[in-house]
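Here is the structure we will look at.
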Amino acid sequence: MLNGVLNVRKERGYSSHDVVAKLRGILHQKKIGHTGTLDPDAEGVLPVCLGNATKLCDMLTEKTKCYRAVLLLGITTDTQDISGAVLKQLSPCADEEKVRAAIFSFIGDYDQIPPMYSALKVNGQKLIDLARRGIEVERKPRRIHIYDIRIEEMQLPRITVTVECSKGSYIRTLCHDIGEKLGCGGCMEQLLRTRSGSFSLAQAKKLSEIEAAVAEGGISELVIPTDRCLAEYPALHAVSQADRYLHNGNPVAKELLLSKTDGSEEQNSSQRTSAAEVQHQPQTEQDGAIFRVYDSEQRFIGLYYRSDQGLYRPKKIFSLQ
């Protein structure tokens, strides 16, 4: 079974669920999960977790996203994108400065009402299922954050924008809300996710490319190891005495872990670290800090946090013996 993350370039016409289903067939394994839904008409980066990396799904979903979108002014649809039924059509705003001001006004905190055509659940039912039955229910606004909006091209009534935003942001709703603010309505015409956390479009692979890699025996080169996806957390390496604790999911004493700030990260992966070496490494981590922890054979075990008792306790375990 493969363990790690595939940076998939989702193509138009596929739902995120479709991508996972196709990968199960291509890779011949069931334990696969994606890290955030992309609409069928949207394209771009979709990190997909394999094997023990499926425990990363919730963590990667939390990351910021970056999108390139085309906003079409003058048309309002029930889905808030061009694929939906047109609810109203008005003359689009022709004042470029007014359009710029409206777009930039959404930078910062923003209380966004999720669209009915979404996978969110209300009282156990998906909004999209209710919408397809002609039922509309009240949705509470959710606080999101727009870090930046850049106008790449403006040829009214179309505006191409790049948006960097927090998790849970709906770009088609942003397009809709900009149109509402301008008084002429608007919808999203195109959407491309260019980045999700540290995963970029430049490195993303189409399903056909992944299938070819499997056929050629090179799929392992495309799978990003689980621990590399957690590189923002500093690493701690265990001495051999700690292995029995790590392999049973138990807390580990501070004295049995080594930060290796002296460059000893480069030692041979089969070399065991002695307790004497640990004593020469100062431990300055604050309580609550999170670390990647490896056993004495340099195998990644999981994420641990420093507790107030001077112990490192497991937060999320990815590998046990």
Side-chain angles (χ1 to χ4, degrees), residues 1-11 14-38 44-63 119 193 196-201 203-233 235-238 240 242-250 252 265 268-270 272 290-305 313-321:
M1 182 171 68
L2 293 169
N3 297 299
V5 180
L6 275 173
N7 184 2
V8 179
R9 176 165 181 153
K10 192 189 86 65
E11 299 171 81
Y14 293 121
S15 68
S16 300
H17 179 78
D18 292 337
V19 171
V20 169
K22 288 183 176 294
L23 282 175
R24 286 192 176 118
I26 293 170
L27 302 176
H28 305 293
Q29 75 175 58
K30 293 182 178 179
K31 203 171 183 181
I32 302 177
H34 65 75
T35 60
T37 302
L38 270 178
V45 173
L46 181 67
V48 175
C49 299
L50 313 174
N52 65 25
T54 53
K55 295 181 180 180
L56 280 175
C57 286
D58 59 336
M59 300 180 69
L60 297 183
T61 303
E62 298 284 324
K63 303 298 183 182
R193 184 153 69 192
S196 178
S198 62
F199 300 94
S200 69
L201 189 64
Q203 281 76 46
K205 302 297 181 183
K206 296 178 180 179
L207 288 173
S208 59
E209 294 175 297
I210 294 170
E211 190 169 20
V214 170
E216 296 166 7
I219 185 60
S220 60
E221 297 176 10
L222 300 184
V223 178
I224 303 165
T226 305
D227 60 329
R228 196 188 303 171
C229 300
L230 298 166
E232 69 265 35
Y233 301 107
L236 293 175
H237 299 257
S240 57
D243 283 351
R244 64 191 179 98
Y245 300 106
L246 294 176
H247 297 164
N248 287 289
N250 294 325
V252 183
E265 289 274 10
N268 188 286
S269 62
S270 64
R272 291 176 178 266
I290 299 174
F291 300 84
R292 285 175 290 130
V293 172
Y294 298 77
D295 69 10
S296 65
E297 297 289 349
Q298 308 308 315
R299 289 171 294 210
F300 176 57
I301 301 298
L303 293 177
Y304 281 64
Y305 69 94
R313 298 182 180 277
K315 179 179 177 65
K316 188 165 288 199
I317 297 295
F318 292 90
S319 176
L320 290 175
Q321 297 299 308

Assess whether side-chain contact (heavy atoms from CB on, under 4.5 Å) is satisfied between Tyr304 and Ile317, documenting all intermediate values.
CA-CA 8 Å; Tyr304 281 64; Ile317 297 295; 3.5 Å; yes
For a quick test of your reading: what N or O donor-acceptor pairs under 3.5 Å do the side chains of residues 15-29 make, sequence neighbours left out?
from: Ser15; atom 1: OG; to: His17; atom 2: N; distance (Å): 3.4
from: Ser15; atom 1: OG; to: Asp18; atom 2: N; distance (Å): 3.0
from: Ser15; atom 1: OG; to: Asp18; atom 2: OD1; distance (Å): 3.4
from: Ser15; atom 1: OG; to: Asp18; atom 2: OD2; distance (Å): 3.1
from: Ser16; atom 1: OG; to: Leu38; atom 2: N; distance (Å): 2.8
from: Ser16; atom 1: OG; to: Leu38; atom 2: O; distance (Å): 3.4
from: Asp18; atom 1: OD2; to: Ser15; atom 2: N; distance (Å): 2.9
from: Arg24; atom 1: NE; to: Lys30; atom 2: O; distance (Å): 2.8
from: Arg24; atom 1: NH2; to: Ile32; atom 2: O; distance (Å): 3.1
from: His28; atom 1: ND1; to: Gly25; atom 2: O; distance (Å): 3.3
from: Gln29; atom 1: OE1; to: Leu2; atom 2: N; distance (Å): 2.8
from: Gln29; atom 1: NE2; to: Leu2; atom 2: O; distance (Å): 3.3
from: Gln29; atom 1: NE2; to: Lys31; atom 2: O; distance (Å): 3.3

Closest non-hydrogen contact found for Cys57 with Thr35 is CA-CG2, 4.1 Å
What residues form a salt bridge (Lys or Arg N to Asp or Glu O under 4.0 Å) with Glu232, not counting sequence neighbours?
Lys63
Can you name the nearest heavy-atom pair linking Val5 to Pro47, along with the distance?
CG1-CB, 4.1 Å
Grab the two heavy atoms, one from Glu11 and one from Leu207, that are nearest each other, plus how far apart they are.
OE2-N, 4.3 Å
Closest contact, heavy atoms only, Ala238 versus Leu246
CB-CD1, 3.5 Å
Give the C-alpha distance, both sets of side-chain angles, the deciding distance and a yes or no for side-chain contact (heavy atoms from CB on, under 4.5 Å) between Leu201 and Arg193.
CA-CA 8 Å; Leu201 189 64; Arg193 184 153 69 192; over 6 Å; no
If you look at every heavy atom in Cys229 and Phe199, which pair is closest and at what distance?
SG-CZ, 3.8 Å
Can you list everything that forms a side chain to side chain contact (heavy atoms under 4.5 Å, CB included) with Phe300? Sequence neighbours excluded, please.
Thr226, Asp227, Leu230, Arg292, Tyr294, Phe318
Working to the nearest 0.5 Å, report the span between OG of Ser296 and NE2 of His237.
11.5 Å
Could you tell me which residues satisfy side chain to side chain donor-acceptor pair (under 3.5 Å) with Ser200, sequence neighbours excluded, listed by chain and number?
Gln203
Lys316 atom NZ: more than 12 heavy-atom contacts under 6.0 Å
yes
State, yes or no, whether a side-chain contact exists between Tyr233 and Leu303 at a heavy-atom distance under 4.5 Å.
yes
How would you list all residue pairs meeting side-chain hydrogen bond (donor to acceptor under 3.5 Å, both in side chains) that involve residues 209-218, not counting sequence neighbours?
none
Checking Asn250 now: which residues fulfil side chain to side chain donor-acceptor pair (under 3.5 Å) with it, not counting sequence neighbours?
none
N/O donor-acceptor pair under 3.5 Å between Asn3 side chain and Asn52 backbone:
yes
